[in-house]
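In what follows, a structure is listed as structure tokens, so that the remarks can point back to it.
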Amino acid sequence: MANKTQEVGGIHFPFPFTPYSIQKDFMAELYRVLEAGKIGIFESPTGTGKSLSLICGALSWLRDFEQKKHQEEARLLETGTVPLSDGQEQPLSLSSCTETPDTLRPVGEPDWVTQFVQKKEERDLVDRLKEEQVRRKKREERLQQIRHNAQLKYAAKRMRQEEEEMERVLRLSREALAAGAGAEPQEQPAGEEDLVLAEYESDEEKGAASGVDEDEDDPEEEHVTKIYYCSRTHSQLAQFVHEVQRSPFGKDTRLVSLGSRQNLCINEDVKTLGSAQLINDRCMEMQRSKHEKSRAEEEKPKRRRQERRATCPFYGYEQLQFLRDQVLVGVKDIEQLVALGKEARACPYYGSRSAIPAAQLVVLPYQMLLHAATRQAAGIRLQGQVVLIDEAHNLIDTITGIHSAEVSGSQLCQAHSQLLQYMERYGKRLKAKNLMYIKQILYLLEKFVTVLGGNIKQNPNTQSLSETGTELKTINDFLFESQIDNINLFKVRRYCERSMVSRKLFGFTERYGTVLAPSREQPKLAGFQHFLQSLQPTVTQTSVTPVEEGEARVPRPASPLMHIESFLAALTTANQDGRVILSRQGSLSQSSLKFLLLNPAVHFAQVVKECRAVVIAGGTMQPVSDFREQLLTCAGVEAERVVEFSCGHVIPPDNILPLVICSGPSSQQLEFTYQKRELPQMMDETGRILCNLCTVVPGGVVCFFPSYEYQRQVYAHWDKSGLLARLAVRKKIFQEPKRANQVEQVLMEYSRCIKVRSNSEALGPENGGQLPVSCVASRLWLHNLGWYFPQCCGQAGGTVTGALLLSVVGGKMSEGINFSDNLGRCVVMVGMPYPNIKSPELQEKMAYLDQTLPRGPGQPPPGKALVENLCMKAVNQSIGRAIRHQKDFASIVLLDQRYARPPILGKLPAWIRDRVEVKATFGPAFAAMRKFHREKSVPS
């Protein structure tokens, strides 16, 4: 495709093809938001080219911003002047500094002191600009050279690596022959030492504490102005990167794709750990081993082999520098980055991080950006940068989920038993400070179990609780009731982080299991043997015999103490905006403690404060009041800084038919409230409506139910009443599975069925001619049988014309799946999927919003608005599955008379809301559906 440069409002936007008018408007508004440093809420329906609009609009702004900055720097260095706010210029020599009012200088300060300070600042500014220009020039020269000589350099590096690898193998062989079997007994104590906690010093004891040693070989490069693009999943990020590659900016943009260690690690020994927490801890441990490697080899040369295994072969300075330059040369997604890292034998995780300062566009999951600790660890700096958050419809829930934590009673008991065994074995070898903190952790675990109503000394699986139910408490109330208000949780949390006790504990249980032989020194431990065995049913060791290194082991889950650390972190980073939920179920193992974050704006405020501009974008952002009130207003963003933009769809107006149907074929009012939806007449009426719709809708029909349970109940009722067999005459029926690994198979069978039917049949005039359409006949059958066209749903005369997929709102099919063209010619929404109003979490959230947010005149309480918004967000995501491109067409059927209320209609996307038709009875609705699909099915 030839690139076409579009000029909108004097701004040139390179584009791979002639853009739609809504894309031009999108790019122009995005440019203005970034230029003015505002917060934008952008809505662009799927199929309107939102990704390309974001790419071309944002990178056009970045291009112009960098050009202006370079021009200003060049002029400043050439003329020695700095611009004033009124557009005039002031010489850098600042000879007029004597004219500065005395009020701007400290009282009594001589003029020559003021002039000296100002001139020094001017010289520093010029020096910084010159250094930045030199760095930029060197970087561009380096990347340009790499572009020309990458293949030659890589080939030479591979040859050198192969030679080094061969020398290493030969050296190891010689060492193995020289050492023989006598070296083996000396390795066992080393493994034992790895499990013992090092001496711990608090901040007060060691003053200015230094963290993990970092490489200081290369001075840190200054971060250039860049755009951070965030989305929800790695597949969405990969799709965005591919859009960048085929855009006009694909060749010149320095792009970096970030991901977690779990996605980027190429060390097979580390990846087999499975758990993200274990992979992170193991990686950090190997980096520390790297720094201690030289000293260990000098002091204990016989343990050289073991020390070498403890370091990562992919973490080398030259390797990472080579990978960094390769990343910046061309646009690469996560998969391409991993492949490049394997070829270069360099860690993609650290290689991509080192490329962040020089990158212009950084692509990452928004969980990584929204969590401050993760953001800091990844080397992400938001000061003065631009953040684009795509697929942001569930941004509030994501922030809440990231900063919430839950621990079960089983995990608490398991962590207590493991830590107790660890202390029993190594207590005499641990320093007093370590013992003190371990005993504090054991005390916390015991009190957490007690507050749930359990006993730490009994089996949690067989331990029944006297009281059941859910209780919600503030953090202070929880601490007092648990009797842990005398413990400094901040110090305990800091100890867990720095000592890595959970990692040591995991290594301990990996080596010995969780059951120890009875100790003569500690006979009381023997009484726990059966209990401890029940906590780890997969462990068969009953002694301290280490697991052989060559023995195949199934990857274990993360240590339960890691979950407790997350819970402690949540408790110590929240204030009045947090709650603790005590969920007491039938047994202690099923009960849990959960931290709930009520105000996600607390964590989003830092992003908004540091960034130059933030854009929240999505295909369906309605209702936007949640973003304005819960996220931006609570984060301290002024209303004037927020800009809303919503564009229409690229499809013609007559390619969509949204209907609100208030009653069914037998005049049954449709109101699927929790009290009415399980009535047999309501389920029968739903089946009649679907059977009628399936007679006139070709291809695929996707029907969404409020929950899995209700879908199962309706399906069973239809099967018993015979409605399911009548439906199967016209459409092959599929159900959304609960298991995620079965979704792909169901979708493939659903798609295959529709393609086969659409190739062999079409809804032509001959099919329609068999259906009586007179008003008299319709009324007669309606009153007598409850059907408009019974012969189409019976065994005689029926023809299968596609498939019917029964799905669930909020399930696997309601988000991220494209039912384009014949896969989704009609989307049916059964009822309104309101969340469980009796949920303690939701009730507390509603109460919090009622107390925090102001209530406008004529507006419902904020808590009630929250419930309504949650419902409509789920509806909007589901009904947007059908229309996916410009030539697509589909009908949308909302089965509930509550959809006809103006406040509800106002929360539909604009491109749907403007075309909704409310039908009080089923007859006119069916006639409109039949007419729409008959006209669309006729070849143009």
Side-chain angles (χ1 to χ4, degrees), residues 192-200 275 277-278 281 285 405 407-452 454-460 482-484 487-489 491-519 521-522 524-536 538-539 541 544 556-569 571 588-589 593:
E192 193 82 3
E193 289 294 336
D194 291 342
L195 300 178
V196 181
L197 289 164
E199 184 173 358
Y200 179 75
S275 165
Q277 184 65 47
L278 295 179
D281 288 346
E285 182 181 343
V407 291
S408 66
S410 178
Q411 290 171 334
L412 292 170
C413 291
Q414 195 175 3
H416 187 277
S417 66
Q418 292 178 1
L419 194 58
L420 182 62
Q421 293 176 76
Y422 181 88
M423 189 180 67
E424 293 292 342
R425 181 170 181 83
Y426 299 117
K428 292 185 177 180
R429 301 173 62 179
L430 296 176
K431 299 295 183 180
K433 187 72 70 173
N434 281 316
L435 284 174
M436 180 192 74
Y437 278 111
I438 288 178
K439 290 179 180 179
Q440 286 187 0
I441 296 173
L442 289 171
Y443 178 80
L444 289 175
L445 296 174
E446 181 179 354
K447 291 302 180 181
F448 286 158
V449 171
T450 302
V451 80
L452 285 174
N455 190 330
I456 197 69
K457 298 181 180 180
Q458 298 179 12
N459 190 333
S482 303
Q483 299 178 4
I484 59 173
I487 300 292
N488 191 327
L489 296 182
K491 286 189 175 183
V492 174
R493 176 196 171 190
R494 193 181 305 120
Y495 170 79
C496 292
E497 292 175 351
R498 296 184 177 178
S499 69
M500 297 191 70
V501 60
S502 59
R503 175 64 197 172
K504 300 287 186 181
L505 192 60
F506 178 80
F508 172 73
T509 55
E510 278 283 278
R511 183 181 294 267
Y512 299 118
T514 55
V515 180
L516 295 178
S519 172
E521 299 179 2
Q522 301 290 342
K524 61 180 180 180
L525 189 63
F528 289 109
Q529 292 305 310
H530 180 72
F531 161 58
L532 296 177
Q533 266 187 326
S534 66
L535 294 177
Q536 285 283 358
T538 60
V539 178
Q541 294 97 335
V544 295
R556 293 176 183 267
S559 168
L561 187 58
M562 295 179 184
H563 294 277
I564 282 86
E565 289 179 6
S566 300
F567 184 70
L568 291 177
L571 286 178
L588 178 60
S589 61
L593 298 174

Check your understanding: Going by heavy atoms in the side chains, are Leu430 and Tyr422 under 4.5 Å from each other?
Key -> yes
Revision key, fill the gap. In this structure, OG of Ser589 is separated from CD of Gln414 (nearest 0.5 Å) by 11.0 Å
**Study point:** Any side-chain heavy-atom pair of Glu497 and Arg493 under 4.5 Å
**Key:** yes
Point to revise | Results of ring pair (Phe, Tyr, Trp, His ring centres under 6.0 Å) for Phe567 - residues two or more places apart only | key: Phe448
Point to revise | Interatomic distance, Ile438 atom CD1 to Lys504 atom NZ [nearest 0.5 angstrom] | key: 11.5 Å
**Study point:** Check: Gln418 and Phe506 side chains under 4.5 Å, non-hydrogen atoms
**Key:** no
Review point. CG of Leu442 to CE of Met423: how many Å apart, nearest 0.5 Å?
Key: 5.5 Å
Practice item. Report yes if some heavy atom in the side chain of Ile441 is under 4.5 Å from a heavy atom in the side chain of Leu561; otherwise report no. Key: yes
Review point. What is the distance from atom SG of Cys413 to atom CG of Leu452, rounded to the nearest 0.5 Å?
Key: 9.0 Å
Check your understanding: Do Leu588 and Leu412 have side-chain heavy atoms sitting under 4.5 Å apart?
Key -> no
Review point. Are Val451 and Ile484 side-chain neighbours, meaning at least one heavy-atom pair lies under 4.5 Å?
Key: no
Practice item. Over 60° means perpendicular and under 30° means parallel, so classify the ring planes of Tyr426 and Phe508, tilted if in between. Key: perpendicular
Review point. How long is the gap from CD on Glu424 to CG on Leu419, to the nearest 0.5 Å?
Key: 10.5 Å
Study note, to complete from the structure: Note: Ile456 and Glu446 closest approach over all heavy atoms is CG2-CG, 4.0 Å
Review point. Which heavy-atom pair separates Pro560 from Ala415 by the least distance, and what is that distance?
Key: CG-N, 3.8 Å
Practice item. First locate atom CE of Met500, then atom CD of Glu565, and finally report the distance between them rounded to the nearest 0.5 Å. Key: 9.0 Å
